[in-house]
Amino acid sequence: MAERIGMHRNYIGLVERGEADVTAKTLFAIGEVLGVSPAVFFTPPSDGPAAFTRRRRRAAAPSSDADDS
């Protein structure tokens with residue numbers, strides 16, 4: 001699929017895991033390859049919650065080099 005839409009396979013993996021932002025253009029390309037309307041990416045299934053959720057990013061750990069004075 002990545003090759004068919006002109007994207008790197010690693011990027012597609014990030015998209016699948018919810019670790020990358022996706023443009024509308026990319027959603028349209030993915031939908032075309034899969035043979036579905038891009039609307040399916042925004043429509044929750046009728047039997048449960050939405051299939052796609054955005055993961056929260058972890059806050060950076062405080063640096064151990066901080067000056068305590």
Side-chain angles (χ1 to χ4, degrees):
M1 178 176 70
E3 187 175 304
R4 288 181 63 190
I5 63 173
M7 301 268 170
H8 194 277
R9 63 188 173 117
N10 290 344
Y11 173 72
I12 297 300
L14 292 170
V15 171
E16 290 173 335
R17 291 187 303 276
E19 297 173 356
D21 292 330
V22 182
T23 65
K25 181 179 178 179
T26 300
L27 282 179
F28 274 85
I30 291 171
E32 186 174 319
V33 168
L34 296 176
V36 299
S37 166
V40 302
F41 301 118
F42 302 101
T43 307
S46 59
D47 62 345
F52 299 97
T53 58
R54 186 177 183 113
R55 292 184 183 178
R56 289 185 180 173
R57 295 183 185 199
R58 289 190 214 171
S63 173
S64 59
D65 296 335
D67 185 9
D68 293 330
S69 44

Roughly how far, to the nearest 0.5 Å, is CZ of Arg9 from CE of Met1?
13.0 Å
Show every donor-acceptor pair shorter than 3.5 Å between a side-chain atom in residues 24-36 and any protein atom, with sequence neighbours excluded, or say none if there are none.
| unit_1 | atom_1 | unit_2 | atom_2 | d |
| --- | --- | --- | --- | --- |
| Thr26 | OG1 | Thr23 | OG1 | 3.0 |

To the nearest 0.5 Å, tell me how far His8 NE2 sits from Leu14 CG.
10.5 Å
